[in-house]
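Numbers restart at 1 for each chain; the letters A, B, ... are given by sequence-line order, proteins then strands.
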2 protein chains.
Amino acid sequence: MDESQLNDLAQLLKALGEYNRLSLVYKLCNCSAPENAMCLCDCCSVDASVTSRHLKALTQQGVVKMEKRGRERLYSLNRTAVSEKLRALADAIKPSEHEFGYR
Amino acid sequence: MDESQLNDLAQLLKALGEYNRLSLVYKLCNCSAPENAMCLCDCCSVDASVTSRHLKALTQQGVVKMEKRGRERLYSLNRTAVSEKLRALADAIKPSEHEFGYR
DNA sequence: TTAATACTTGCACATATGCGCAATTATGTA
DNA sequence: TACATAATTGCGCATATGTGCAAGTATTAA
């Protein structure tokens, strides 16, 4: 793990490590289809502008992706990328049993 | 996931989401035996007092545990607890194949 | 008992962060 | 066109955070 990878991972964890942003992520966990920003606002009791900024931060860290549809912006999780990074960290801390393959 | 659990997880991720603290965690990943604080200082180019505070933050979030030996303080990772929490989040985002059990 | 070692704590400081409100942009609708 | 809707951006503000230095505490060694 080089310096720049470590920094990227730290940025990702920082993006996830804020209550309202983590709430957004959990909300998106349960969405099979992309959600628009205003709908996501409902899960945090903050101003829409704040949610907008949190979604921007999550987008910049690759946690979510955004697509425009009309005047809406639809957000969805980058499930594979994020879960893989979290598992890689978990594995570095404690190798999972599955990694041994057989026993 | 209730509000307080979500908050705890956010705090954990925030503790991990800082470059120097994450460096400490990675350094401890490779230690089979507990490391003393001054040894850990070497992996961050900051004042010892700063490392001390980072280790305190990691301890408070349950990432590391500390034991005193003479005038040293030995730190080691709470490997199981931390990796389980990270995997739980990863699984919420994208269930791992292993969870399906068979196929 | 004096000095060295291994940390931690108090303090000050600069910067980052989260927040709300108001204004703005972009798109759709009457 | 004029207006409504969806969302973002600019601004100011309060608080949190990371940092270094100096001083303090605890333990060991001389």
Side-chain angles (χ1 to χ4, degrees), chain A residues 3 6-28 31 33-77, chain B residues 3 6-28 31 33-77:
Chain A
E3 193 173 316
L6 199 66
N7 191 56
D8 288 349
L9 181 56
Q11 295 299 314
L12 171 67
L13 294 167
K14 180 177 290 186
L16 294 172
E18 197 276 334
Y19 183 80
N20 287 316
R21 283 195 296 268
L22 191 58
S23 300
L24 289 168
V25 169
Y26 264 90
K27 175 128 181 178
L28 284 168
C31 299
E35 286 281 335
N36 71 60
M38 286 305 100
C39 174
L40 291 166
C41 279
D42 300 339
C43 81
C44 330
S45 54
V46 290
D47 194 80
S49 67
V50 175
T51 300
S52 174
R53 269 185 271 256
H54 282 320
L55 287 168
K56 185 178 181 181
L58 290 171
T59 303
Q60 284 171 340
Q61 289 309 315
V63 176
V64 304
K65 52 180 175 291
M66 186 266 284
E67 53 184 314
K68 299 173 74 167
R69 188 184 60 189
R71 59 192 161 193
E72 291 177 309
R73 313 245 165 141
L74 303 179
Y75 291 90
S76 53
L77 281 177
Chain B
E3 194 173 314
L6 199 67
N7 192 57
D8 288 349
L9 181 56
Q11 294 300 313
L12 172 68
L13 294 167
K14 181 177 290 187
L16 294 172
E18 197 276 335
Y19 182 81
N20 287 316
R21 282 195 296 269
L22 191 59
S23 300
L24 289 167
V25 169
Y26 264 90
K27 176 129 181 176
L28 283 168
C31 299
E35 285 281 335
N36 71 60
M38 285 305 100
C39 175
L40 291 166
C41 278
D42 299 340
C43 81
C44 332
S45 54
V46 290
D47 193 80
S49 67
V50 174
T51 300
S52 174
R53 269 185 272 255
H54 282 319
L55 287 168
K56 184 179 182 181
L58 290 171
T59 303
Q60 284 172 341
Q61 289 308 315
V63 177
V64 304
K65 52 180 174 290
M66 186 266 284
E67 54 184 314
K68 298 173 74 167
R69 188 183 63 188
R71 60 191 161 195
E72 292 177 309
R73 314 248 163 139
L74 303 178
Y75 291 89
S76 54
L77 280 178

Colleague: Does B/Thr59 use its side chain to pair, donor to acceptor, with the backbone of B/Leu55 at less than 3.5 Å?
Modeller: yes
Colleague: Walk along DNA chain D from 5' to 3' and tell me the first and last nucleotide with an atom closer than 4.0 Å to a non-hydrogen atom of chain A.
Modeller: D/dA4 to D/dC11
Colleague: 5'-most contact on DNA chain C: B/Ser52 or A/Ala48, nearest heavy atom basis?
Modeller: B/Ser52
Colleague: Return the value, rounded to whole Å, for the distance between atom CD of B/Gln11 and atom P of C/dT17.
Modeller: 15 Å
Colleague: Using atom names, set out every protein N or O paired with an N or O of nucleotides 21-25 of chain C below 3.5 Å, distance rounded to 0.1 Å.
Modeller:
from	atom 1	to	atom 2	distance (Å)
C/dC21	N4	A/Ser49	OG	2.8

Colleague: According to the side-chain hydrogen bond (donor to acceptor under 3.5 Å, both in side chains) rule, which pairs have a member within residues 8-27 of chain B, sequence neighbours left out?
Modeller: B/Arg21-B/His54
Colleague: Nearest 0.5 angstrom please: A/Asp42 CG to A/Thr51 OG1, how far?
Modeller: 9.0 Å
Colleague: Tell me the closest heavy-atom pair linking A/Glu72 and A/Asn36, and the distance in Å.
Modeller: OE2-ND2, 3.0 Å
Colleague: How long is the gap from CG on B/Leu16 to CG on B/Leu22, to the nearest 0.5 Å?
Modeller: 6.5 Å
Colleague: Is there a side-chain contact between B/Val50 and B/Cys44 (heavy atoms, below 4.5 Å)?
Modeller: no
Colleague: Which distance, rounded to the nearest 0.5 Å, do you find between the CG of B/Leu74 and the CD of B/Glu67?
Modeller: 5.0 Å
Colleague: Which ones in residues 13-20 of chain B lie close to DNA chain D, meaning a heavy atom under 4.0 Å from one of its atoms?
Modeller: B/Lys14, B/Glu18, B/Asn20
Colleague: Quick one, B/Leu9 with B/Leu12, criterion side-chain contact (heavy atoms from CB on, under 4.5 Å). Give me CA distance, side-chain angles, the key distance, then yes/no.
Modeller: CA-CA 5 Å; B/Leu9 181 56; B/Leu12 172 68; 4.2 Å; yes
Colleague: Going by number, which of residues 62-72 of chain A have a non-hydrogen atom under 4.0 Å from DNA chain D?
Modeller: A/Arg71, A/Glu72
Colleague: Report yes if at least one side-chain N or O of A/His54 is closer than 4.0 Å to OP1 or OP2 of C/dC19; otherwise report no.
Modeller: yes
Colleague: Could I get the full list of side-chain contact (heavy atoms from CB on, under 4.5 Å) partners for A/Arg73, not counting sequence neighbours?
Modeller: A/Met66, A/Lys68, A/Tyr75
Colleague: Please state how far atom CG in A/Asn36 lies from atom P in C/dG28, giving the value in whole angstrom units.
Modeller: 14 Å
Colleague: I'd like to know whether NZ of A/Lys56 has more than 12 heavy-atom contacts from other residues, nucleotides or ligands below 6.0 angstrom.
Modeller: no
Colleague: Please find the pair of heavy atoms, one from B/Leu77 and one from B/Val25, that lie closest to each other, and give the distance.
Modeller: CD1-O, 3.8 Å
